[in-house]
Amino acid sequence: MHSPTSIKYVLRWLALLTLLYALLSLVALFSSQQLISSVSALPLTLLGEFILLITISFAVRTVRWCYLTRCLNHQIPLRVAAEIYIGGFPMTLTPGRIGELWRAWALVRQQGSNYRRSLPLVLCDRLLDLNILLFFAALGIMATLSIYRLPAIAAILLMLPFLLLLLKPNWCRQIIKIIWFASGKRLSRQFAALLAICRCMKRIVHPTTYIPALLLSFFAWFIEAFAIYHIATQLGGTLLLANAMTVLGLGNIAGVLTFLPGGIGGQEATMVYLLQQSGNALSLALIVTGVARIGTIFYAALLGLPFFIKYSRLAKLSLTIKQ
């Protein structure tokens, strides 16, 4: 039987390798001559306007995170909560953005809590984003956006089961109990922890908590969709705001489903294809996609890196003192 120390050692190396893979993928993306030449053709003022809109979107998401920490009674200063959320931005480079669970780890280290309370917070944050992305993707099913109908239906069918399970914590509890019984009631402690997480999720998805957070999520993602629409129209493209929302929604879902670091590859291909289907030239589609990805991956990673380093070091110092 493996000792807890050896398991932690393996997990640490897995996390390191995942992060290195993500960084290499990011370097490969931004070393693309086609992408660089496309983005360099963009006026600096327009790029500045895009970054400003993305910053506002990030700020709204940070407010949502702080709101959820209060709803779950996390005894942590709002400033620290905000810094931990922003510090999780570099971890969007991990496959399926699974590295964003770093926020749960950082919360545990900062307030001496446990994962039963911090994990539901991270899961709910992702759930809210998924809600809005599915809504944006669903716009593609409308007759006025018939060019997006097939990919929108496919994306929704793939993501809907996960969404329903997260929105229905009682269903999750029943499934966990069934799996526990099927396993011969082994690993009781681990299954009890999963049930506790489901109980916390039930508090978050209550309408009085969930609806305000959902509205903040919609506002944040709408600003990002408007940023894409603004770039495309300023460059002479033909793109409706509703189309931009669908491009953003389907692009992000495609990126998550590919399970590549930051959705690199899948998200770009989807966005370029959908922008072309809207009647835009390939050159314009590449510029809009390139700017959108630089603003939402590269800029976000740079923005969050100082806080990621800060709280990782503080956690390490805390563990050293305890030992």
Side-chain angles (χ1 to χ4, degrees), residues 53-74 78 81-82 84-86 88-89 92 96-97 100-101 103-104 107 117-142 145 148 152-153 155-173 197-229 241-257 263 296 300:
L53 288 169
I54 293 299
T55 304
I56 295 171
S57 175
F58 289 162
V60 175
R61 290 183 211 176
T62 305
V63 170
R64 178 190 67 189
W65 171 268
C66 293
Y67 165 74
L68 290 173
T69 60
R70 286 295 175 262
C71 290
L72 276 180
N73 298 320
H74 281 275
L78 289 177
I84 286 174
Y85 182 74
I86 297 169
F89 285 166
T92 58
R97 299 185 178 182
E100 290 187 356
L101 292 174
R103 291 176 179 137
L107 278 173
R117 293 182 64 236
S118 62
L119 278 175
L121 181 59
V122 178
L123 291 173
C124 187
D125 183 72
R126 304 306 305 142
L127 170 62
L128 287 160
D129 285 340
L130 180 58
N131 280 161
I132 302 304
L133 291 174
L134 284 174
F135 171 70
F136 283 5
L139 292 175
I141 301 175
M142 295 167 57
L145 301 169
Y148 302 140
I153 291 173
I156 288 173
L157 288 177
L158 284 168
M159 301 298 286
L160 204 53
F162 300 102
L163 178 64
L164 287 173
L165 281 175
L166 287 172
L167 281 173
K168 296 290 184 180
N170 286 334
W171 295 6
C172 290
R173 290 183 67 190
I197 289 171
C198 288
R199 282 194 295 271
C200 281
M201 284 295 297
K202 191 175 179 180
R203 287 171 57 191
I204 294 178
V205 298
H206 191 276
T208 55
T209 301
Y210 200 72
I211 290 174
L214 195 62
L215 291 173
L216 286 170
S217 302
F218 176 83
F219 184 49
W221 284 102
F222 179 81
I223 292 171
E224 195 168 321
F226 179 79
I228 293 173
Y229 162 79
L241 183 55
N243 293 49
M245 292 164 73
T246 302
V247 168
L248 180 64
L250 287 176
N252 274 275
I253 290 172
V256 172
L257 291 175
T296 54

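FYI, side chains are in, hydrogens and waters are out, and symmetry mates aren't considered; it's all heavy atoms of this structure.
- Shown here is F58, whose CZ atom has more than 12 heavy atoms of other residues, nucleotides or ligands within 6.0 Å.
- Among residues two or more places apart in sequence or in another chain, the side-chain contact (heavy atoms from CB on, under 4.5 Å) test is passed with L53 by I223, F226, A227.
- Here the shortest heavy-atom pairing between A225 and A244 reads O-CB, 3.5 Å.
- When each of L214, L123, L216 is paired with L128, the side-chain contact (heavy atoms from CB on, under 4.5 Å) condition holds for L214 and for no other.
- Here OG1 of T246 is found 9.0 Å from CZ of F135. Values are rounded to the nearest 0.5 Å.
- For the atom pair CE (M245) and OH (Y229), the distance works out to 12.5 Å, reported to the nearest 0.5 Å.
- Two residues are said to be in side-chain contact when any heavy atoms from C-beta on lie closer than 4.5 Å; I132 and F222 fail this criterion.
- Side-chain contact between D125 and Y85 is present, with at least one heavy-atom pair separated by less than 4.5 Å.
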May I have the step-by-step check of side chain to side chain contact (heavy atoms under 4.5 Å, CB included) for L121 and W65, ending in yes or no? CA-CA 8 Å; L121 181 59; W65 171 268; 3.7 Å; yes

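- Side-chain contact check for N131 versus F218: every heavy-atom pair is 4.5 Å or farther apart.
- Nearest heavy-atom pair across L68 and A213 is CD2-CB, 4.2 Å.
- Taking CD1 from I56 and CD from E224, the interatomic distance works out to 12.5 Å, rounded to the nearest 0.5 Å.
- Checked against side-chain hydrogen bond (donor to acceptor under 3.5 Å, both in side chains), S217 has the following partners two or more places apart in sequence or in another chain: R64.
- Take L133 and apply the side-chain contact (heavy atoms from CB on, under 4.5 Å) test, not counting sequence neighbours, and it matches W221, N252, I253.
- Here D129 contributes atom CG and C124 contributes atom SG; the two are 10.0 Å apart, rounded to the nearest 0.5 Å.
- Expressed to the nearest 0.5 Å, how far CG of L78 lies from OG1 of T62 amounts to 11.5 Å.
- Annotation for A81 and C66: closest pair CB-SG, 4.2 Å, computed over non-hydrogen atoms.
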